[in-house]
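Proteins come first, then strands; the chains are lettered A, B, ... in the order of their sequence lines, and each starts at number 1.
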Amino acid sequence: MLRVYNTLSKTKEPFETVRPGKVGMYLCGPTVYKPSHIGHMVGPVIFDAVKRYLVYSGYDVTWVVNVTDVDDKLINESGARGVPMKQLAEEMTADYMSNIRALGVDVIDHFPRCTATMPEIIEFTRDLIAKGFAYEAKGDVYFDVSKAPDYGKLSHRRAEAMLGDGGGMVDRKRNSADFALWKAAKSGEPSWDSPWGKGRPGWHIECSAMSCKLLGETFDIHGGGLDLVFPHHENEIAQSECRHGRPMAKYWMHNGLMQASDEVGKVGGRATRAAEGDLASQEAGKISKSKGSEPFREMLKKFPGETIRFFLLSTHYRRPIDFSAGRIREVETGMETFYRFFKRYERVAGESFYDIDAPKTRNNGDFTPGKDPLLKSVAEWRNRYLEAMDDDFNTGGGIAVLYDLVRALNKFVDDEKLEEPGRRDAAKLKSLRHGAAVLKELAGTLGLFREPVAEKTAADDGLTPRLMDLLIALRAEARKKKDFATADRIRNGLSEIGVVLEDRPGGTEWSVKS
RNA sequence: GGCGCCGUAGCCAAGUGGCUAAGGCAGCGGAUUGCAAAUCCGCCAUUCGUGGGUUCGACUCCCACCGGCGCCUCCA
């Protein structure tokens, strides 16, 4: 039974969909005014895994991520750069798209743009005025927070505390907590015609309009960063629920934020670490200097997308994440365990791990292990994995199980000596294949290990492999004659130029050091 | 000031009112290997920020304190 933490109730609730078998999911996407950075990638990766797991669990999922392509920041940036807002938005949208794609995020169904949703936004606003929840003031339209019955229910704040005079906008707003649905255009700003004159939407209204348009008045999951709980999501709820008279979303899921400190002492949130001045804090400090502003596409040049994805999923989504190059390298080292197993699998089973036709749904993956000891332990790990994921998408716990699973498979290959060609019988290989298929099945719900990673290879002019074959043959002859001095000289010499030799029962393999 | 989150080994990080407190990185033994690499086995928190309280029993619930962090200001 899947359980999901709901910010509304501050508890984990059993997951029950609004409509049987269907899930509507909305994630607040980027404002496309600057290249995206690592922090923008947290939500997409996490909710990508959420969608995959829901699909795996048998739901028909529609996932919407909006693109905010008109707002103050965009207008300012476009002015500063002397680039039309539309063009800026298009460039930055392309940047965002290529970044999430590099992280394997490719199951988003709709990317609605604010500028392409104007009729719905205007209609939404007009309806709110008609129903008495909003008012016009000098070409602006504001939502009247005092009319929203349970304003504050998501962020758990009391509305009364937020009401008061209009603050700096006292001439237009009735209450300081009131927020803009529509903003009158200042001269030179991009604008759209509306019943209130030329203007553009306020920040929150687009999400209400788009989610309603694509997912309906009530849908299942609304997600976003923890920083959006207030005021953004609170205001979305107010708008949508006042207009429709029914809940906007059943489950509100919020992911933790990437730590964004520039001070060594603050990174990681551990006073002791900074005080000691140890390696980790120094590393974090160095990285954080560029972290806040470094475009994600630059980071992608340093680390593979799949590694960053693995890193983001290795901790629970509601926790804050500390980023450092050292952490990424640790994760990279850990992932080698999987990549090496995949190669081993190919050697032993004669087929690529990536070509395994693994079950796509939980029901199809269910199996009874019988007496086979390997499959018994595989089935056990599979259950452990599913338990973890059923518990509010505990991807960190799930990844731990993946390590247990790959260890069980390696042990089986060791115990049965399957690296030796003569020891491979059909029954053993069948068990191994089944175990590997389960690994692929489970990793697939996290969107991991879907495609072979780009391996570092020697320039392939056709000559290198033949030269390597020759060297390996020479070394084999030396070893046969117990001339280990020569054998080691070849291996050590190659190691110095970045080529690793590994001796196995089936022969010697070479690879380029990563 | 208001609202809220977090503090688990050298580092990262799951988890739980009583079952051996996952997993990863680093480290140390051993098996394997001509030696390696890889893999496997074992070790690595009598203890879960500190001090109280509730309970037959708490790391897990409550309170206080210390430390870190977020939001309250159109940041994912």
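Minimum atom distance to the side chain of Arg327(A) is reached by rC12(B), of the listed rC35(B), rC12(B), rU39(B). Checking rA13(B), rC35(B), rU39(B) against every side-chain atom of Asp414(A), the shortest atom distance belongs to rU39(B). Nearest to the side-chain atoms of Thr333(A) among the listed nucleotides rA26(B), rG34(B), rG4(B) stands rA26(B). Listed nucleotides: rG15(B), rA76(B), rG34(B). Nearest to the side chain of Arg491(A): rG34(B). Of all nucleotides listed (rA37(B), rC72(B), rA76(B)), rA76(B) comes nearest to the side chain of His37(A). Here the side chain of Pro231(A) is nearest to one of rA22(B), rC72(B), rC75(B), namely rC72(B). Listed candidates were rA76(B), rA13(B), rC25(B). Nearest to the side chain of Glu330(A) is rC25(B). Listed nucleotides: rG23(B), rA37(B), rG34(B). Nearest to the side chain of Arg475(A): rG34(B).
Nucleic acid contact for Gly334(A): sugar-phosphate only, since backbone atoms but no base atoms lie under 4.0 Å from a heavy atom of the residue. Within 4.0 Å of Thr31(A), counting heavy atoms only, lie sugar-phosphate atoms of the nucleic acid but no base atom. Counting any heavy atom pair closer than 4.0 Å across all strands shown, Tyr403(A) reaches sugar-phosphate atoms only and no base atom. Residue-level contact check: Gly29(A) touches the backbone only, with heavy atoms under 4.0 Å from sugar-phosphate atoms and none from bases. Residue Leu501(A) is in base contact, counting any heavy-atom pair closer than 4.0 Å across all strands shown. Among the heavy atoms of the strands lying under 4.0 Å from Arg344(A) are primed sugar atoms or P, OP1, OP2 only; no base atom is included. Within the nucleic acid shown, Leu257(A) comes within 4.0 Å of at least one base atom, counting heavy atoms only. At the heavy-atom level, Lys411(A) lies under 4.0 Å from the strands shown only through sugar-phosphate atoms. Asn394(A) comes within 4.0 angstrom of sugar-phosphate atoms only, judged by non-hydrogen atoms across all strands, and of no base. If you check every strand for non-hydrogen atoms under 4.0 Å, His232(A) touches nothing.
OP1 or OP2 of rC75(B) has at least one side-chain nitrogen or oxygen of Lys73(A) nearer than 4.0 Å. Regarding contacts with the backbone of rC41(B), a side-chain N or O of Arg407(A) is found under 4.0 angstrom from either OP1 or OP2. Proximity of Arg319(A) to the phosphate of rA14(B): a side-chain N or O atom is located under 4.0 Å from OP1 or OP2. For Asn410(A) and rC40(B), the shortest distance from a side-chain N or O to OP1 or OP2 is below 4.0 Å. The side chain of Thr315(A) contributes an N or O atom lying less than 4.0 Å from OP1 or OP2 of rA14(B).
For the residue pair Glu206(A)/Thr117(A), the side-chain donor-acceptor check at 3.5 Å is not satisfied. Side chains of Glu236(A) and Tyr26(A): a donor-acceptor N/O pair is absent below 3.5 angstrom, by distance only. Side-chain atoms of Asp483(A) and Thr486(A) form a donor-acceptor pair, as typed in the model, at a separation below 3.5 Å.
For Asp322(A) against rC69(B), no side-chain N or O and base N or O form a donor-acceptor pair under 3.5 Å. Contact annotation: side chain of Asp488(A) to base of rG34(B), donor-acceptor pair present below 3.5 Å.
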* I would like to know whether Lys34(A) and Glu77(A) meet salt bridge (Lys or Arg N to Asp or Glu O under 4.0 Å); could you show each step before the answer? => CA-CA 8 Å; Lys34(A) 278 197 302 205; Glu77(A) 183 74 11; over 6 Å; no
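Under the Watson-Crick or G-U wobble criterion, with both distances below 3.5 Å, rG70(B) is paired with rC3(B). Using N1 to N3 plus N6-O4 or O6-N4 for Watson-Crick, or N1-O2 and O6-N3 for G-U wobble, each under 3.5 Å, rC48(B) pairs with nothing. rC43(B) is paired with rG27(B) under the Watson-Crick or G-U wobble criterion, all donor-acceptor distances under 3.5 Å. Figure legend. rA76(B) is base-paired to no nucleotide; pairs are counted as Watson-Crick or G-U wobble with both atom distances under 3.5 Å. Across all strands shown, rU20(B) remains unpaired; no Watson-Crick or G-U wobble contact has both distances below 3.5 Å. Nucleotide rA38(B) forms a pair with no other nucleotide shown, judged by Watson-Crick or G-U wobble geometry with both contacts under 3.5 Å.
Across rG53(B) and rC59(B), the matching P atoms stand 13 Å from one another, rounded to whole Å. Nucleotides rU60(B) and rG15(B), compared at atom C1', are 10 Å apart to the nearest Å.
Atoms CZ (Arg157(A)) and P (rC5(B)) sit 12 Å apart, rounded to a whole Å. Between the P atom of rC11(B) and the CD1 atom of Ile328(A) lies a distance of 20 Å, rounded to the nearest Å. To the nearest angstrom, C1' of rC40(B) lies 14 Å from CG of Asp404(A). Between Phe323(A) atom CZ and rA76(B) atom C1' the separation is 16 Å, expressed in whole Å. Remark: C1' of rG4(B) and NE2 of His156(A) are 10 Å apart, rounded to the nearest angstrom. The nearest whole Å value for the distance from the NZ atom in Lys343(A) to the C1' atom in rA38(B) is 11 Å. Leu226(A) has its CG atom 10 Å from the P atom of rC6(B), to the nearest Å. Between Leu386(A) atom CG and rA14(B) atom P the separation is 20 Å, expressed in whole Å.
The existence of a salt bridge linking Glu502(A) and Lys343(A) is excluded, since no basic side-chain nitrogen approaches an acidic carboxylate oxygen closer than 4.0 Å. Note on Asp404(A) versus Arg407(A): salt bridge recorded, some NZ/NE/NH1/NH2 to OD/OE distance being below 4.0 Å.
For Tyr403(A) and Phe338(A), the gap between ring centers is short of 6.0 Å. Aromatic rings of Phe179(A) and His204(A) (six-membered ring for Trp) have centroids within the 6.0 Å cut-off, being under it.
Side-chain atoms of Arg433(A) come within 3.5 Å of backbone N or O of Ala349(A) as a donor-acceptor pair.
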